[in-house]
Amino acid sequence: MSRMQDAVAELRARRTKAEGMGGEAEIAKQHALGKLTARERLDLLFDPGTFIETGRLADHAGVSSELKGKYMAADGVITGTGRIHGRLVCAAAYDFTIMAGSIGIVGETKVTRLRQWALQERLPIVWLLDSAGARIQEMAGAMFAGTGDLFYEQAIMSGVIPQVAAVMGHCAAGTAYIPALADVTFMVSGTSSMALAGPPLVKAVIGEDVTVEDLGGAKVHCQISGVGDVAFPDDASCIAAIRRYLSYFPSRAGEKPPMVPAIDPKESAESLLTVLPENPKHPYDMKTLIRLLVDGGDLFELKPQYAQNIVTALARIGGRSVGIIASQPKVMAGVLTTDAADKAARFVMLCDAFEIPLLFVQDVPGFMVGSKVEKEGIIRHGAKLLHVVANATVPKVTVVVRKGYGAGYYVMCGRGFQPDGLFAWPTAEISLMGPEGAVNIIYRKRIAEAADPEAERAALVEQYRGYIGPYLSAEKGLVDDVIDPRETRVTILRTLELSDQRTAVRPLRKHGVMPV
């Protein structure tokens, strides 16, 4: 055998050893927990045969005597590039079979290199996270002083390239900031969690006994904290969602999202005539309405279990990506709360960063009132949504289907926020407040003095309702048109086509100061 043949044989042996990860026993443990391995996850993420690994032959830095003689395949993180739907994407998959996927010096050097490629070449980046955090054996001493580049560089990449984080196992300590800084965070129910400190440290520091799931499981973060976006039943469905999510986005800022062939909604536009209840006070599911407008009735909802009084979803209309912000009358009558304002604001920023037009569907009674929400800072949270909607430069289309009251009308892109198209259904009401509230304030004395106060109030409510319907606004040129509900999809599409090349001029500045 020649010298070259010997060298190639050694290379193959080293590659095989690296691809064996933590060994059969550790892989079996991973599977027993219902989790795929890091390499299996990458196989599902990328188009077949397109992944090119970098840093495969890496090992640990050898700075700790405890790790001497221990082999760590790829130093616990697999990095490289591949194609998703034909487009290049960078990915880092943390390998829990190697010291619980902990971040070592060499592994972080690899990921730093990956981030550099992503930023220089303007490629989306995906993190598949299954990590106990920083490797204490290597980072607990003076070396820690040189760390932190990961979070700095993530912040710099924000809005430049799409960043997707999938929490597919434990995500502890500083590693939890990776999903927090990403554009979107997906989780897996039952197997994923993220927290700044695990249960033992929580017990030691504050004396609280808590399970991993109760501390930072998918339910906590996708329903309560809002750190997570969507929880999936298993690794495979989570990775499929990453591929689907990226299909709505361009590869980088400054480019338009990819167009795909248009698909008709699943149901006839005639169904739009029966979505709203006869009684204007009765709830209904806004998602039923918007599915009748979008291609194939297909929505990719973000944060579906968090702040459910507002819907934020990616979809397509006529083959174009669109971000939808819609009131949800089914939950709390669609009133806006602090969490709903935060959820909508982040979604608007995400879509605006990557040239995804915005569709606002209004049936909003305004913001929640009372001492509880004032103590939560609802004014500040509402101002944040006002700020981001005003600063969004992508095409914006607004449709008022039933209610557009008070500041809710403003933050859902009312006339003053310069939508490219503002349309109302014949059932729409646009006003400072609803007829009941207005009558109770304006005519309080008259109602109190009436022979039959309730009958007087009911009559005044009906009279006032005539003042806030869509036709007076249309007559004064304050809405662009009152449309037949069956015309909604084509009206939206024509407006998006009209505004496709829009430019927005803003005063020269470094950046605004967002209310937070």
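Count residues from 1 along the sequence.
Of the possible donor and acceptor atoms, none in the side chain of Gln308 sits under 3.5 Å from a partner among the backbone N and O of Val331. Of the possible donor and acceptor atoms, none in the side chain of Glu153 sits under 3.5 Å from a partner among the backbone N and O of Gln116. Using modelled atom types, one side-chain atom of Thr185 and one backbone atom of Pro179 make a donor-acceptor pair closer than 3.5 Å. Judged purely by atom type and a 3.5 angstrom limit, Thr427 uses its side chain to pair as donor or acceptor with the backbone of Val401. Judged by distance alone, the side chain of Arg135 and the main-chain N or O of Met99 form no donor-acceptor pair under 3.5 Å. In terms of modelled atom types and a separation under 3.5 Å, the side chain of Lys266 and the main chain of Gly297 share no donor-acceptor contact. Side chain of Gln30 to backbone of Leu36: a donor-acceptor contact under 3.5 angstrom is found. In this structure, the side chain of Asp480 engages the main chain of Leu422 through a donor-acceptor pair within 3.5 Å. Put simply, the side chain of Arg502 gets close to the backbone of Thr393: a donor and an acceptor are under 3.5 Å apart. Thr37 places a side-chain N or O within 3.5 Å of a backbone atom of Glu40 that can act as its donor or acceptor partner.
The existence of a salt bridge linking Glu19 and Arg56 is confirmed by a sub-4.0 Å separation between a basic side-chain nitrogen and an acidic carboxylate oxygen. Lys110 and Glu53 are not joined by a salt bridge, as no carboxylate oxygen comes within less than 4.0 angstrom of a charged side-chain nitrogen. A salt bridge does not link Asp229 with Arg346: none of the charged nitrogens is closer than 4.0 Å to a carboxylate oxygen. With salt bridges taken as basic N to acidic carboxylate O contacts below 4.0 Å, one links Asp47 and Arg243. Between Asp339 and Lys303 there is no salt bridge, since no side-chain N of the basic residue sits under 4.0 Å from a carboxylate O of the acidic one.
For the residue pair Thr112 / Asp149, no side-chain donor-acceptor distance below 3.5 Å is found, with atom types taken as modelled. Tyr409 and Gln362 are not linked by any side-chain donor-acceptor pair at a separation below 3.5 angstrom, with hydrogens and angles left out of the test. Donor-acceptor pairing under 3.5 Å is recorded for the side chains of Ser247 and Arg316.
Remark: Val227 pairs with Met194, His221, Ser225 by the side-chain contact (heavy atoms from CB on, under 4.5 Å) rule, at least two apart or across chains. Evaluation of the side-chain contact (heavy atoms from CB on, under 4.5 Å) rule for Pro357 yields Pro395, Leu496 as partners, not counting sequence neighbours. For Phe232, the ring pair (Phe, Tyr, Trp, His ring centres under 6.0 Å) partners at least two apart in sequence or on another chain are Phe186. Under the side-chain contact (heavy atoms from CB on, under 4.5 Å) criterion, Asp285 pairs with Lys287, Thr288, Gln328, Lys330, sequence neighbours left out. Under the ring pair (Phe, Tyr, Trp, His ring centres under 6.0 Å) criterion, Phe46 pairs with Phe51, not counting sequence neighbours. By the side-chain contact (heavy atoms from CB on, under 4.5 Å) test, Ile483 pairs with Phe423, Trp425, Asp481, Glu487, Thr488, Thr491, sequence neighbours left out.
Annotation: Tyr152, atom OH; neighbour count of heavy atoms from other residues, nucleotides and ligands within 6.0 Å does not exceed 12. Crowding of Ile379 atom CD1: a count of heavy atoms from other residues, nucleotides or ligands under 6.0 Å not exceeding 12. Ile52 CD1: 12 or fewer foreign heavy atoms inside a 6.0 Å radius. Few gaps surround CZ on Phe300; more than 12 heavy atoms of other groups in view lie less than 6.0 Å from it. A 6.0 Å sphere centred on CZ of Arg380 holds more than 12 heavy atoms belonging to other residues, nucleotides or ligands.
Judged by the 6.0 Å and 45° rule, Lys396 forms no cation-pi pair with Phe417.
With a 4.5 Å cut-off on side-chain heavy atoms, Leu385 and Val388 count as touching. Two residues are said to be in side-chain contact when any heavy atoms from C-beta on lie closer than 4.5 Å; Ile98 and His60 fail this criterion. Between Phe367 and Val411 there is a side-chain heavy-atom pair separated by less than 4.5 Å. Val89 places a side-chain heavy atom less than 4.5 Å from the side chain of Pro124. Contact check for Phe249 versus Leu314: side-chain heavy atoms found under the 4.5 Å cut-off. You'll find the side chain of Ile317 reaches within 4.5 Å of the side chain of Leu359, heavy atoms only. Considering only heavy atoms from C-beta on, Asp363 comes within 4.5 Å of Met286 through its side chain. Using a 4.5 Å cut-off on side-chain heavy atoms (C-beta onward), Val126 and Leu246 make contact.
Taking OG of Ser131 as the reference point, atom OH of Tyr94 lies at 6.5 Å (rounded to 0.5 Å). The CG atom of Leu123 lies 7.0 Å from the OG atom of Ser251; values are rounded to the nearest 0.5 Å. Rounding to the nearest 0.5 Å gives a distance of 4.5 Å between CG of Leu114 and SG of Cys90.
Just one of Val364, Ile378, Val373 meets the side-chain contact (heavy atoms from CB on, under 4.5 Å) condition when paired with Leu336; it is Val364. Screening Asp95, Asp59, Val77 for a side-chain contact (heavy atoms from CB on, under 4.5 Å) with Met72, the sole residue that qualifies is Asp59.
Scanning both residues, Thr79 and Ala92, for their nearest heavy atoms gives CG2-CB, 4.1 Å. Nearest approach of Pro250 to Lys256, heavy atoms of both residues: CB-O, 3.5 Å. For the pair Ile356 and Tyr248, the tightest heavy-atom approach, listed with the atom from each and the gap, is CD1-O, 3.7 Å. When all heavy atoms are compared, the tightest approach of Asn309 to Ala340 is ND2-CB, 3.6 Å. Closest of all the heavy-atom pairs between Leu196 and Ala176 is CD2-CB, 4.3 Å. Between Asp298 and Ala315, the shortest heavy-atom distance links the atoms O-CB, 3.6 Å.
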**Request:** Show the numbers, then the answer: is there a side chain to side chain contact (heavy atoms under 4.5 Å, CB included) between Ser192 and Met168?
**Result:** CA-CA 5 Å; Ser192 70; Met168 311 196 77; 5.7 Å; no

**Request:** Run the numbers on Asp500 and Arg320 for salt bridge (charged side-chain N to carboxylate O under 4.0 Å, His left out), then give the verdict.
**Result:** CA-CA 10 Å; Asp500 187 57; Arg320 298 170 180 268; 3.2 Å; yes

**Message:** Please evaluate residues Lys35 and Asp130 with respect to the criterion salt bridge (charged side-chain N to carboxylate O under 4.0 Å, His left out), reporting the C-alpha separation (whole Å), side-chain torsions for both, the decisive distance (0.1 Å), and the verdict.
**Reply:** CA-CA 10 Å; Lys35 300 192 294 182; Asp130 195 353; 3.1 Å; yes

**Message:** Let's go through Glu255 and Glu355 carefully: what are the C-alpha distance in whole Å and the side-chain angles of both, what is the deciding distance for side chain to side chain contact (heavy atoms under 4.5 Å, CB included) to 0.1 Å, and is it a yes or a no?
**Reply:** CA-CA 7 Å; Glu255 292 184 353; Glu355 304 296 333; over 6 Å; no

